[in-house]
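Single-structure report; data block below.
A quick note: this is a predicted structure, and the numbers were derived from the prediction, not measured. Below, read A as the first sequence line, B as the second, and so on, with proteins coming before strands; counting in each chain starts at 1.
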Amino acid sequence: MSVLLRSFSSTAAATAVAASIFSSSSSSSALSVAALLISCRSLRSLEQIHARIIRKGLEQHPVLATRFLSFCAAFSAPAYASSAFDRLSAPNLIVWNALLTAHARHSPLPTTVALFNLLRRRSPLPPDAFTFPSLLSSCSHSVALSLGSSVHATILRCGLEADVFVRTALIDFYGKCRELGAARKLFDSMRHRNEVSWTAMIVGYLSSGDLASARSLFDEMPKRNVVTWNAMIDGYVKSGDLVSARHFFDKMPERNAVSYTSLIDGYAKAGDLASARVLFEQLPERDVFSWSAMISGYAQNGQPGAALKIFLEMYNQNIKPDEFVVVGLMSACSQLGSLTLAKWVDLYVTRSSIDLSKAHVLAALIDMNSKCGNMERAASLFESMPNKDLISYCSLMQGYSLHGAGDKAVGLFRQMLEEGLMPDSITFTVVLAACSRAGLVEEGRQYFDLMTNEHLIVPSPDHYACMVDLLGRAGRLTDAYELIRSMPVEPHAGAWGALLGACRLHGDISLGETIARKLFEIEPTNAGNYVLLSNIYAVADRWADVSELRTMMRGKGIRKVPGYTWI
DNA sequence: GTAGGGTTAG
């Protein structure tokens, strides 16, 4: 669509095209509205044009109506398309097809199927070769094998299987449903194939992980386009073979933003932000997907500052964010933990046109508010969810736990169990940490037992670290030490650190020394451990030991980072 | 003689 919009961006070109669309017998007002429609660039201006269509009495014009519906599709407004369609007194098949396409691209599959059945009953003509490709594409996206197969049966009854578009859509459908045999049979028996048919078949192999078949078909095909090359790059990226992906990227005759973005995504997911950044800088025309790849790349690799910087660059260029951009942004903001920033981002996301009811957007929004300490907002967002999931429960629980309301977090966990949700390994980490912060020793032990005995979850080093912290804070240092020593898995620094913190809290010098020695081995450069032990000595007035420790630190070149608190 | 609707890559 954006290509279409760009090519028609000049008013002169738009008028010329509009003139060619409408014969001299049409009214000049229909022509001028058609010109407006063609240069329409936003849903807002589409609405204004729609008002004009109604005012001028052109609502029933079939060509204008069809164009209008395809613009609704381009601006992801299927409901708007339906409302305009419902005002048509006698829609023809072409208009029906345009409406179906708008829904196939943007509505859930059941809605699209219901519309298709309506079309079959109400359209003046039976479905044609233009009807099925978008319907099948919707089935492909949902991987709805049995539904798509029945659509295939209808296609056979209508005698439309030979049409290149229909056949290609069928190949794509069977390929995405991993029915490679059916797809290949349709592909091999085609009389005329185009690059799209070849690419659909290749994508089928790629999505089922058969890189070799995809590659041999790629080599066989007579003519490739940029989509074919990009499909191969994406296939290699998804299989983790960045070297081959890079090879194809370097070899392709011309690249577009998708080529770059797939590879940027690959590098970012592999943690190679440097390579991703180089490609991003080379990319001549960045679209929202390219920005999104960099922002979420930095966010997922624990570089929230860099993510924020890229976002600001995007923001200053007035590029409209999509849901992936804002999820990346919110994730970066969660990591930074700044309430001021979170409030700005919240307002920005709320005011944008992004659908907040989408599960991953809402989850990120709750998580950000939760981690940044805006618990009222996090809780009200959570309450607004009709179907609360594990992720949102965990976000809220973690927020309460982090901000000193461990009891509220535990209450939420009980509520979650009552609702019949199955806690997973991460949920238990969160609730155990909450118990530890709230000093709920017995409850924590119970949940640890529940996790291992009833949910059969093997405790991870994180779970043990929480339990050590729980026991340690409650002063049960011996129990904590026993637990850490009885662990079937190797304890990480977090577990030992929790115990060292507990030793300081309860002034246990000898155990503290033992633990500290262990920690100096595991993470010799963490200043926090030396500081903790030094505090233990200081409380006990053992100043000679304090000064000896400081000498040791100086000897190893370790300096306490000012303002850095060790949790 | 004529408009307008369709399939593949992130």
Side-chain angles (χ1 to χ4, degrees), chain A residues 17-26 30-31 34 37-38 61-73 81 85 91-102 104-105 119 123 125 127-141 160 163-173 175-176 183 186-187 190 193-204 206-207 214 221 224-238 245 248-249 252 255-266 268-269 286-293 296 322 324:
Chain A
V17 172
S20 74
I21 289 173
F22 294 98
S23 67
S24 51
S25 66
S26 293
L31 200 131
L37 205 46
I38 278 166
H61 197 301
V63 179
L64 211 48
T66 309
R67 267 231 162 272
F68 177 79
L69 294 182
S70 59
F71 271 81
C72 290
F85 181 88
N92 65 21
L93 178 59
I94 298 178
V95 182
W96 272 105
N97 284 343
L99 178 68
L100 185 70
T101 301
R105 288 212 275 248
L119 179 154
S123 161
L125 290 171
D128 66 3
F130 283 83
T131 314
F132 292 101
S134 53
L135 179 61
L136 283 169
S137 158
S138 187
C139 295
S140 309
H141 284 297
L160 294 166
D163 180 88
V164 188
F165 279 84
V166 173
R167 179 71 71 114
T168 302
L170 279 169
I171 291 168
D172 174 59
F173 163 71
K176 296 243 170 76
L186 285 163
F187 178 79
M190 266 179 113
R193 303 179 188 97
N194 58 25
E195 299 100 279
V196 182
S197 330
W198 282 88
T199 307
M201 191 65 233
I202 287 173
V203 167
L206 292 173
S207 52
M221 72 188 279
R224 305 163 188 101
N225 62 24
V226 67
V227 180
T228 322
W229 284 93
N230 288 344
M232 290 302 293
I233 291 173
D234 181 58
Y236 283 118
V237 164
K238 291 218 168 86
F248 273 74
F249 178 85
M252 67 193 293
R255 305 175 189 95
N256 62 16
V258 181
S259 333
Y260 282 86
T261 307
S262 295
L263 203 50
I264 288 172
D265 232 13
K269 296 233 161 71
R286 295 169 191 162
D287 59 16
V288 67
F289 291 95
S290 348
W291 289 98
S292 164
S296 36
D322 67 1
F324 297 100

query: Of all the choices, B:dG10, B:dG5, B:dA9, which nucleotide is nearest to the side chain of A:Ile94 once you look at every atom?
result: B:dG5

Out of B:dG10, B:dG4, B:dT8, whichever nucleotide has its closest atom nearest the side chain of A:Thr199: B:dT8

message: With a 3.5 Å cut-off and heavy atoms only, can you find an N or O donor on one side and an acceptor on the other between the side chain of A:Asp163 and the base of B:dG6?
response: yes

- line: Heavy-atom nearest pair, A:Ala169 first then A:Pro133, reads CB-CA, 3.8 Å

query: Can you check the A:Asn92 CG to B:dG5 C1' distance for me, whole Å?
result: 9 Å

- line: Closest to the side chain of A:Val63, out of B:dG6, B:dG4, B:dA9, is B:dG4

- prompt: Whole Å only: how far is the CG atom of A:Leu263 from the C1' atom of B:dA9?
  reply: 14 Å

query: NA contact type, A:Ile264, heavy-atom cut-off 4.0 Å: base, sugar-phosphate, or nothing?
result: nothing

task: Answer with yes or no after comparing the ring centroid distance for A:Trp198 and A:Phe187 against a 6.0 Å cut-off, counting only values under it.
output: yes

field: From B:dG5, B:dA9, B:dG6, nucleotide with atom closest to A:Pro133 side chain
entry: B:dG6

message: Does a side-chain N or O of A:Lys269 approach OP1 or OP2 of B:dG10 to a distance below 4.0 Å, or not?
response: no

query: Which nucleotide, B:dA9, B:dG10, B:dA3, lies nearest any side-chain atom of A:Asn230?
result: B:dA9

message: With a 3.5 Å distance limit and no angle check, can you tell me whether A:Asp234 reaches the backbone of A:Val237 through a side-chain donor-acceptor pair?
response: no

task: Report the C-alpha distance between A:Met190 and A:Thr168 in whole Å, list the side-chain angles of each, state the deciding distance to 0.1 Å, and finish with yes or no for side chain to side chain contact (heavy atoms under 4.5 Å, CB included).
output: CA-CA 9 Å; A:Met190 266 179 113; A:Thr168 302; 3.9 Å; yes

message: By the 4.0 Å heavy-atom rule, please label A:Ala104 as base, sugar-phosphate, or nothing.
response: nothing

Short side-chain N/O contact to B:dG6 OP1/OP2 from A:Ser137, under 4.0 Å: no

message: Mind checking if A:Val258 touches a base, just sugar-phosphate, or nothing, with heavy atoms under 4.0 Å?
response: base

query: In whole Å, what is the span from the CG atom of A:Leu37 to the C1' atom of B:dG5?
result: 14 Å

query: Between B:dG5, B:dG10, B:dG6, which nucleotide gets closest to the side-chain atoms of A:Phe165?
result: B:dG6

message: Students often get this wrong, so: under 4.0 angstrom with heavy atoms, is A:Ala293 touching a base, only sugar-phosphate, or nothing?
response: nothing

- prompt: Rounding to a whole Å, what distance do you find between A:Met190:CE and B:dT8:P?
  reply: 13 Å

query: Does A:Ser262 get its side chain close enough to the base of B:dG10, under 3.5 Å, for a donor-acceptor pair?
result: no

task: Report the residues that fulfil salt bridge (Lys or Arg N to Asp or Glu O under 4.0 Å) with A:Arg193, sequence neighbours left out, ordered by chain and then residue number.
output: none

- prompt: Rounded to the nearest 0.5 Å, what separation is found between the CG atom of A:Asn97 and the CG atom of A:Leu119?
  reply: 6.0 Å

message: Side-chain N or O of A:Lys238 versus OP1/OP2 of B:dG10: is the shortest distance under 4.0 Å?
response: yes

- line: Here the distance between atom C1' of B:dT7 and atom NE2 of A:His141, to the nearest Å, is 10 Å

field: Rounded distance (Å) that lies between atom C1' of B:dG6 and atom CZ of A:Phe173
entry: 17 Å

- request: Pick base, sugar-phosphate or nothing for A:Thr101, based on heavy-atom distances below 4.0 Å to the nucleic acid.
  value: sugar-phosphate

message: Quick check: any donor-acceptor pair below 3.5 Å linking the side-chain of A:Asp128 to the base of B:dG6?
response: no

query: Quick one: A:Leu100 CG to B:dT7 C1', roughly how many Å, whole number?
result: 14 Å

- request: May I ask you to check whether A:Asn256 and A:Ser259 show a side-chain donor-acceptor distance below 3.5 Å?
  value: yes

message: From NZ of A:Lys176 over to C1' of B:dA9, roughly how many Å is that when rounded to an integer?
response: 9 Å

field: N/O donor-acceptor pair, side chain A:Asn225 with base B:dA9, under 3.5 angstrom
entry: no

query: Among B:dG4, B:dT8, B:dG5, which nucleotide sits nearest the side chain of A:Leu93?
result: B:dG5

